[in-house]
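If you read the sequence from its start, that first residue is 1, and numbering goes on from there. From a predicted model like this one, the values you see are computed outputs, not experimental measurements.
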Amino acid sequence: MISYNLYKIMRIKELRQDNGKTQKEVADYLNVKQNTYSQYENGKRQIPVDISIRITDYYDVSVDCLLGRADI
């Protein structure tokens with residue numbers, strides 16, 4: 001079974017690519033450096049709860065969707 005954190009890491013990259021966004025565009029929206037956002041996508045840095053919520057707002061998806069508990 002895949003962990004919620006691992007699924008969230010995979011999901012943010014998939015959402016970004018599906019929406020034709022660059023890491024820089026998403027990082028700018030989240031008010032973080034592109035390098036920080038890249039570390040979120042690569043699992044090198046934990047994604048804080050507030051950032052997770054802002055990601056769901058950006059893509060207009062639920063937190064459950066981000067965690068793999070629901071489809072888009």
Query raised in the report: If you measure from OH on Tyr59 to CD1 on Ile12, what distance do you get to the nearest 0.5 Å?
Result: 8.0 Å

Query - Pairwise distance CG(Asp60) to SG(Cys65) - rounded to 0.5 angstrom - result: 10.0 Å

Not counting sequence neighbours, which residues clear side-chain contact (heavy atoms from CB on, under 4.5 Å) with [X]? List them please.
X: Asp57; value: Tyr29, Ile53
X: Thr36; value: Val32, Lys33, Tyr40, Arg45
X: Asp50; value: Pro48

Requested in this report: Go through the steps for Ile9 and Lys13 under the test side-chain contact (heavy atoms from CB on, under 4.5 Å), then give the verdict.
Outcome: CA-CA 7 Å; Ile9 290 165; Lys13 184 173 185 176; over 6 Å; no

Requested in this report: Dump the intermediate steps for side-chain contact (heavy atoms from CB on, under 4.5 Å) on Glu25 and Thr22, then the final yes or no.
Outcome: CA-CA 5 Å; Glu25 288 173 311; Thr22 65; 3.2 Å; yes

Query - Atom of Leu66, atom of Ser52 and distance for their closest heavy-atom approach - result: CD2-O, 3.8 Å

**Report entry** Closest approach of Ser38 to Gln23 (non-hydrogen atoms, all atoms of both residues)
**Finding:** CB-OE1, 3.4 Å

Requested in this report: Answer whether the closest heavy-atom distance between the side chains of Tyr37 and Ile51 falls below 4.5 Å.
Outcome: no

**Report entry** Glu41/Arg16 ion pair, N-O < 4.0 Å
**Finding:** yes

